[in-house]
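Step one of this worksheet: look at the structure below.
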Amino acid sequence: SLVIWEKEGLAILTRDTIQHFIEANLDRDPAQLALSTKINDFPLHLVSTQIKYLQKAKRKLPAYYTARCIIPPLAYEQSSSTTTAQMKNYQGKRCLDLTCGLGADTTHFARHFEEVIALEPQEGLFHVNQYNFARLGLDNIQLHKQTAESFLATYQGPAFDLIYLDPSRRTEAGKRAFAFEDLSPNLTALLPRLFELGKKILVKTTPLYDVAEAWKKFPKLSKTFLFSVKNECREFLLEWNPLSNEPHKLSPAQVVKLSDHSQTQRFSFRPAEPVRALPPSLPYPRQGFLTEPDVAFYQQRLTLALADQYYAAWEGQWNHPQGYFFSEEKPPADFPGRHFAIQEIWPYKPKHLKKDLKALGISQAHVSRRFFPFTVSHIRKSLNLREGGNSYLMFTQWAEEKIAILARRI
């Protein structure tokens with residue numbers, strides 16, 4: 001339970017006998033372990049849960065796994081990954097992390113700043129972090145059991161090169177919160193004080209936050225970042241540069257970073273970039289290539305700007321900003337997205353389409369849709385299609401016509 005994790009978990013899990021047991025059973029199925037083992041002198045559920053989260057951390061937080069850190073479940077689920085932490089490219093002398101949590105971002109900053117002050121008001125998690133930071137060999141983190149509000153109200157020291165804030169997006173009742181005024185801590189209330197103390201301010205929020213709303217709400221904003229890992233939006237961040245004399249509108253402001261764990265791509269845009277003309281001409285193409293950019297560009301409404309700014313020489317056209325890019329040319333190798341060779345295009349008429357697919361021997365396929373009124377589950381049901389196989393079916397609209405595209409991944 002949460003009470004055990006916060007008040008007793010650390011003391012139990014750091015016992016030598018428990019540590020030896022965890023090490024000896026680290027590769028076992030935690031659920032099977034909990035059912036098959038009976039030990040009287042410690043809570044087996046607590047230990048099997050720790051094994052479960054160490055196994056999960058092997059990919060998300062590999063340094064925590066290697067160091068055999070203590071990993072409370074809720075803190076783990078709310079934590080950044082090592083991959084997204086490493087996408088935060090900041091360095092300097094002094095960093096202030098106002099919301100430490102499990103410390104994934106804190107430990108990343110500790111490797112790039114001479115000194116990090118981190119705040120964690122929850123007593124149990126505060127002591128877990130003390131233990132973990134020692135296990136990780138990080139001695140330049142000053143950890144305070146204090147809220148962001150109380151620390152900022154009494155702090156009298158020098159300014160920080162970076163102030164980082166990842167507010168909790170849940171209310172005390174456990175409901176999701178979206179407005180910055182409802183988050184904890186309250187960014188809107190703290191921002192004037194952060195401007196006094198921070199050379200740069202970085203705030204993490206939900207990846208679903210609307211970028212246009214961010215620029216409207218915070219006119220002094222310098223940059224926004226959206227991080228995508230393997231075609232999944234993971235983090236949306238806001239950056240302010242209070243000491244910068246450069247008007248933010250003159251520098252690239254919308255930044256998209258993509259990672260596949262082995263390398264990272266960065267794309268920068270100014271607001272309201274010019275884009276190539278829409279809508280598409282008729283009729284739709286019968287051959288060529290279809291490209292679907294990384295999901296981050298759809299989320300930020302940057303699909304057209306991406307092609308126009310970075311790949312202007314690539315001839316083709318979009319059927320819609322939230323649709324696909326069609327071209328007779330083979331796609332550029334470094335384009336951030338999925339590419340397909342078009343094999344066939346049909347009008348979306350389920351009765352006829354079922355017959356065409358049956359004639360081709362296609363009873364299962366990978367289905368995706370962009371700028372299309374029906375869900376994937378609705379499409380599958382209408383066409384009696386199972387998931388999987390080697391075929392790809394893409395559904396979208398060309399002008400006013402709904403179409404289905406049979407494609408081969410390239």
Side-chain angles (χ1 to χ4, degrees), residues 208 228 231-233 274-308 310-333 335-410:
L208 299 178
S228 174
N231 202 35
E232 181 181 346
C233 293
V275 295
R276 62 185 72 188
L278 287 171
S281 58
L282 291 175
Y284 49 74
R286 289 288 182 178
Q287 58 186 4
F289 301 92
L290 175 151
T291 290
E292 180 184 39
D294 187 277
V295 66
F297 297 100
Y298 290 103
Q299 171 67 19
Q300 298 273 283
R301 294 189 289 275
L302 288 169
T303 52
L304 278 64
L306 171 70
D308 190 67
Y310 287 90
Y311 302 93
W314 183 19
E315 293 295 330
Q317 60 183 325
W318 298 90
N319 67 306
H320 188 271
Q322 291 294 316
Y324 300 107
F325 188 76
F326 295 81
S327 176
E328 293 183 1
E329 299 178 27
K330 195 169 184 178
F335 187 89
R338 302 193 302 167
H339 307 297
F340 301 85
I342 296 172
Q343 296 176 298
E344 186 62 75
I345 299 184
W346 302 282
Y348 180 70
K349 297 178 180 179
K351 288 185 179 179
H352 295 90
L353 191 51
K354 283 172 72 173
K355 293 179 181 178
D356 291 330
L357 293 174
K358 185 176 181 180
L360 292 171
I362 298 174
S363 59
Q364 60 180 150
H366 301 281
V367 174
S368 63
R369 36 86 74 177
R370 290 280 179 193
F371 183 53
F372 197 72
F374 305 128
T375 64
V376 169
S377 60
H378 177 94
I379 294 167
R380 286 193 181 284
K381 187 175 180 180
S382 298
L383 301 178
N384 195 25
L385 274 174
R386 292 178 287 116
E387 171 64 32
N390 299 316
S391 299
Y392 288 82
L393 284 167
M394 332 290 283
F395 295 82
T396 191
Q397 292 181 196
W398 190 275
E400 299 298 322
E401 185 174 5
K402 300 180 188 70
I403 58 175
I405 304 157
L406 176 64
R408 174 177 54 83
R409 182 86 182 263
I410 59 173

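Please read all numbers here as calculations on a predicted model, not as lab measurements. The basis for the numbers below is simple: all heavy atoms, side chains too, and nothing from hydrogens, waters or symmetry mates. If you read the sequence from its start, that first residue is 1, and numbering goes on from there.
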Does the separation of the ring centres of [X] and [Y] fall below 6.0 angstrom?
X: Tyr392; Y: Phe340; answer: yes
X: Phe372; Y: Tyr348; answer: yes
X: Phe335; Y: Tyr311; answer: yes
X: Trp318; Y: Phe326; answer: no

Side-chain heavy atoms of [X] within contact of [Y], under 4.5 Å:
X: Gln299; Y: Leu208; value: yes
X: Leu406; Y: Ile362; value: yes
X: Phe395; Y: Val367; value: yes
X: Leu385; Y: Ser363; value: no
X: Met394; Y: Tyr324; value: yes
X: Glu387; Y: Gln364; value: no

Distance-only, no hydrogens or angles: does the [X] side chain make a donor-acceptor pair with backbone N or O of [Y] under 3.5 Å?
X: His366; Y: Gly389; result: yes
X: Ser228; Y: Ala296; result: no
X: Asn319; Y: Trp398; result: no

What are the two closest non-hydrogen atoms of [X] and [Y], and how far apart are they?
X: Glu401; Y: Pro347; result: OE2-CB, 3.5 Å
X: Leu353; Y: Ala404; result: CD2-CB, 3.6 Å
X: Pro336; Y: Phe297; result: CG-CE1, 3.7 Å
X: Leu304; Y: Pro321; result: CD1-CA, 3.2 Å

Polar side chain donor-acceptor pair, His320 to Gln397, under 3.5 angstrom: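 Side chains of His320 and Gln397: no pair found under 3.5 Å.
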Pair Arg369, Thr396: side-chain N/O donor-acceptor within cut-off below 3.5 Å: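 Side-chain D/A pair, Arg369 to Thr396: absent.
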Check against side-chain contact (heavy atoms from CB on, under 4.5 Å), Tyr298 and Gln322: CA-CA 6 Å; Tyr298 290 103; Gln322 291 294 316; 3.5 Å; yes
Residues Ser327, Thr291; criterion side-chain contact (heavy atoms from CB on, under 4.5 Å); working and verdict: CA-CA 8 Å; Ser327 176; Thr291 290; over 6 Å; no
Between atom [atom1] of [X] and atom [atom2] of [Y], what is the distance when rounded to the nearest 0.5 Å?
X: His339; Y: Phe325; atom1: NE2; atom2: CZ; answer: 11.0 Å
X: Arg370; Y: Thr303; atom1: CZ; atom2: OG1; answer: 9.0 Å
X: Leu290; Y: Ile345; atom1: CG; atom2: CD1; answer: 8.0 Å
X: Glu292; Y: Asn231; atom1: CD; atom2: CG; answer: 6.5 Å
X: Lys355; Y: Leu360; atom1: NZ; atom2: CG; answer: 14.5 Å
X: Ser368; Y: Leu393; atom1: OG; atom2: CG; answer: 8.5 Å

If you count the non-hydrogen atoms of other residues, nucleotides and ligands that lie under 6.0 Å from [atom1] in [X], is the total more than 12?
X: Glu400; atom1: CD; value: no
X: Glu344; atom1: CD; value: yes
X: His378; atom1: NE2; value: yes
X: Glu328; atom1: CD; value: no

Steps toward side-chain contact (heavy atoms from CB on, under 4.5 Å) verdict (Trp346, Asp356): CA-CA 9 Å; Trp346 302 282; Asp356 291 330; 3.5 Å; yes
